[in-house]
Protein chains: 2
Amino acid sequence: MRRMTARPANAHQARLLRLLRDGGPNSRAQLGDQIDLSRSKLAVEVDRLLETGLAVADGLAASRGGRRSHNIRLAPNLRFLGVDIGATSVDVAVTNAELEVLGHLNQPMDVREGPVVVFEQVLAMAAKLRASGLAEGFDGAGIGVPGPVRFPEGVPVAPPIMPGWDGFPVREALSQELGCPVMVDNDVNLMAMGERHAGVARSVGDFLCVKIGTGIGCGIVAGGEVHRGVTGSAGDIGHIQAVPDGRPCACGNRGCLEAHFSGAALARDALEAAQQGLSAELAARLTANGTLTGVDVAAAAAAGDAIALGLIREGGNHVGQVIAGLVSFFNPGLVVIGGGVTGLGHTLLAAIRTQVYRQSLPLATGNLPIVLGELGQNAGVIGAARLISDHLFSPA
Amino acid sequence: MRRMTARPANAHQARLLRLLRDGGPNSRAQLGDQIDLSRSKLAVEVDRLLETGLAVADGLAASRGGRRSHNIRLAPNLRFLGVDIGATSVDVAVTNAELEVLGHLNQPMDVREGPVVVFEQVLAMAAKLRASGLAEGFDGAGIGVPGPVRFPEGVPVAPPIMPGWDGFPVREALSQELGCPVMVDNDVNLMAMGERHAGVARSVGDFLCVKIGTGIGCGIVAGGEVHRGVTGSAGDIGHIQAVPDGRPCACGNRGCLEAHFSGAALARDALEAAQQGLSAELAARLTANGTLTGVDVAAAAAAGDAIALGLIREGGNHVGQVIAGLVSFFNPGLVVIGGGVTGLGHTLLAAIRTQVYRQSLPLATGNLPIVLGELGQNAGVIGAARLISDHLFSPA
DNA sequence: GGAACTTTCTCCTCTCGCAGGACAAAGATG
DNA sequence: CATCTTTGTCCTGCGAGAGGAGAAAGTTCC
């Protein structure tokens with residue numbers, strides 16, 4: 001199932017491919033407006049893209065008052081695979097070259113079972129998507145994993161919640177299995193890239209993307225580029241101290257943000273409240289499902305349950321407190337909140353906003369939107385597709 | 001006193017100028033090793049630099065086993081002015097094109113007197129340096145101010161400790177007065193650039209530079225570039241909450257880092273301890289000088305005074321706590337501690353290290369040096385010279 | 001001191017990328 | 001249908017720059 005996709009031969013072609021990816025079909029003339037090249041040179045490069053099959057002609061463009069131009073678009077059969085591995089579930093999606101999601105699968109999964117088991121599942125899901133006629137094969141794949149990654153090699157390093165993954169050559173192994181180029185990154189970074197490509201962060205160069213799921217992480221985008229840090233662990237804010245001498249955390253310290261607010265902490269707090277009979281709503285849900293998750297808390301809060309609302313508010317205060325510090329430090333132009341707890345919605349957002357606007361200096365917060373991500377489940381997989389397309393749409 | 005210095009005509013010349021700035025005199029052959037150009041092209045560009053007077057021939061280079069080459073160096077009469085405006089004093093220095101400090105003046109000053117008064121003093125100091133024969137004129141000047149700066153325009157914005165400076169066109173005004181190009185930046189960013197150019201951070205691409213003086217700030221370098229944030233206030237960590245419900249701060253909140261540890265806070269704590277008779281050492285210094293500063297605390301600590309040591313340790317803990325969070329977030333390759341309190345030395349450093357190494361995850365701290373800056377007073381002015389030289393040594 | 005080898009510098013030529021103009025094609029306008 | 005505008009194609013000429021030949025200047029070893 002190996003596909004021999006061509007690569008751009010020079011920086012101009014790479015530039016054109018990105019324009020077509022981000023702007024959709026475009027006429028030669030429109031491309032000329034966006035790129036600083038003479039018409040002759042542009043024609044040559046576009047022709048080469050058509051020759052190599054990376055782009056195709058696609059009907060006539062709308063007239064701009066004179067001769068009508070033919071549209072150029074990226075090859076419609078190009079397919080990227082986006083994989084977003086979480087702690088307890090995995091998302092796999094197929095996109096076209098414009099990074100539109102054509103098909104999306106989500107399945108529960110346990111990352112602790114190790115890379116071999118997980119990738120078996122991922123490959124099966126990819127095969128299913130292919131079998132459904134969405135793709136003949138994949139031209140590239142982006143993989144997000146919930147832990148630090150040595151980016152150039154595509155290898156997880158010392159991931160706390162992923163025992164058995166340390167040093168596993170994800171990039172190499174999957175490239176072998178899928179028969180296409182693969183890039184690997186932290187799941188939070190991919191979410192940030194996704195929101196930047198197609199979500200709320202379009203056209204924002206410096207922003208933070210806080211993902212609150214089983215754990216808490218933060219994607220950092222500076223000058224349009226993801227900042228990964230020297231060991232790939234940048235954005236690992238789950239173990240910043242939020243409460244002095246607070247709850248013990250799995251990492252060995254006390255008061256870590258993640259110990260006080262995250263999907264896992266929220267579920268535990270809800271369970272406790274239900275068992276102590278503090279909340280009828282939560283208790284009912286516990287007996288109904290046998291367990292409680294963030295979703296239950298969200299539902300209880302929506303139903304007006306005071307305890308659930310209190311838990312969300314308190315958690316939001318803690319997250320907001322940490323974010324306030326990061327805002328002072330980083331001075332972003334936008335803060336995006338995403339991840340599993342997005343369901344907690346505006347109660348959470350309000351708590352976070354309150355803390356940030358109160359604690360950071362006016363200059364930093366004056367024009368700082370704090371918003372929920374708008375791509376939801378798709379953010380990670382779109383970011384993954386974006387990652388590999390950035391790689392493929394660059395000079396060889 | 002206007003000087004009509006030439007600018008590099010293209011990217012190659014700019015590249016060469018930077019190589020000569022950072023590497024000192026070099027033969028054509030050595031330059032050829034560091035730049036990817038054919039010998040003929042290199043010769044042409046070097047000749048043009050010699051023609052325009054930006055570089056000069058300078059004797060014979062050491063032999064590398066064959067014909068000896070003539071050295072090329074930057075014009076020896078090029079002069080940059082580096083100005084580092086603090087809260088209570090100002091540093092002005094002259095450097096040559098290689099950014100070596102040829103002369104340095106430091107004077108007390110009160111930034112609250114406003115830009116007009118301060119710049120009168122700065123210009124007088126610059127004139128003094130010029131009169132002493134160090135410079136015939138200045139080819140460029142870098143200015144550091146203790147507050148946020150809208151970088152492209154070189155204008156301070158809403159600086160908390162600099163009333164009267166908000167919106168003052170520093171760049172334009174000084175460019176007029178000095179008759180040369182001027183760039184303006186936050187003083188902490190310049191300190192970071194200084195340590196990167198000639199100090200401990202040489203060859204480190206991602207690091208943090210924490211400056212503890214009257215206030216506290218942090219220079220952020222990511223991928224070799226200073227990160228300034230969307231409003232120029234990045235690195236403003238003085239008002240991150242270090243102690244929940246802690247001391248009231250001038251900003252209106254409670255528990256800000258700056259309220260608990262900074263030159264100002266330390267002096268106040270020392271005064272209190274002396275007045276309460278807790279420390280004989282500090283009390284003696286108080287009666288001797290009539291006031292106490294960080295220097296007194298440092299001296300008392302050096303003499304073994306328990307209270308002084310305690311103050312430093314406690315402050316270091318607070319700073320360390322905040323830095324620990326930033327390290328988790330940013331994952332730098334180095335942390336530099338600098339500014340006025342460097343005199344507190346290893347007691348402070350030990351406290352900071354303890355906190356950071358204990359609170360951040362091993363992956364982020366595993367190979368993370370935390371060190372004192374090595375340029376001291378010179379860091380800011382060297383960074384300022386670096387700033388303007390980066391500007392001038394880039395294609396026009 | 002001399003022969004052989006290295007390194008450096010200069011000059012010359014050849015190639016290639018690319019801009020920009022001329023012109024043709026195709027459509028819009030009235 | 002005449003005219004104007006936009007788009008596509010072809011051609012020429014310029015300039016950047018690579019790379020080779022050879023001269024100049026040193027070093028090393030016998």
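Order of the sequence lines fixes the chain letters, A, B, ..., with proteins taken first and strands second; residue numbering starts at 1 for each chain. Everything quoted here is computed from the prediction, not taken from an experiment. Heavy-atom basis, side chains included; hydrogens, waters and symmetry copies ignored.
- To the nearest angstrom, C1' of dG21(C) lies 18 Å from NZ of K41(A).
- Rounded to whole Å, the distance from CG on L31(B) to P on dT7(C) is 18 Å.
- Under a cutoff of 6.0 Å and an axis angle of 45°, R79(A) and F138(A) do not form a cation-pi pair.
- Nucleotide dA16(D) holds its P atom 9 Å from the CD atom of E45(B), rounded to whole Å.
- Panel note: side chain S27(A), backbone N71(A); no donor-acceptor pair is recorded below 3.5 Å.
- Checking dC18(C), dT7(D), dC9(C) against the side-chain heavy atoms of S69(A) singles out dT7(D) as nearest.
- Atoms CD1 (I72(A)) and C1' (dT7(D)) sit 12 Å apart, rounded to a whole Å.
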I need a per-nucleotide contact map over nucleotides 23-30 of chain C, read 5' to 3'. Cutoff is protein heavy atoms under 4.0 Å; write B for the base, S for backbone only, - otherwise. --BBSS--
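- No donor-acceptor distance shorter than 3.5 angstrom exists from the side chain of R196(B) to the backbone of R202(B), with no hydrogens or angles considered.
- Counting non-hydrogen atoms under 4.0 angstrom, A29(A) reaches the backbone sugars and phosphates but no base.
- I35(A) has its CD1 atom 10 Å from the P atom of dA19(C), to the nearest Å.
- In this structure, D47(A) atom CG and dG8(D) atom P are separated by 10 Å, rounded to whole Å.
- Formation of a donor-acceptor pair under 3.5 Å by the N331(B) side chain with backbone atoms of G232(A) is found in this model.
- Cation-pi geometry between R18(B) and F393(B) is not met: the NZ or CZ atom fails to fall both under 6.0 Å from the ring centre and inside 45° of the normal.
- In terms of phosphate contacts, H12(A) brings a side-chain nitrogen or oxygen within less than 4.0 Å of OP1 or OP2 of dC18(C).
- If you check distances only, the side chain of S40(B) does reach the base of dG19(D) with a donor-acceptor pair under 3.5 Å.
- The nearest whole Å value for the distance from the CG atom in L42(B) to the P atom in dG20(D) is 17 Å.
- Between the P atom of dC9(C) and the CG atom of L37(B) lies a distance of 15 Å, rounded to the nearest Å.
- Counting only distance, with no hydrogens or angles, the side chain of E195(B) and the backbone of L375(B) share a donor-acceptor pair below 3.5 Å.
- Between the CG atom of L134(B) and the CG atom of L102(B) there is a distance of 6.0 Å, given to the nearest 0.5 Å.
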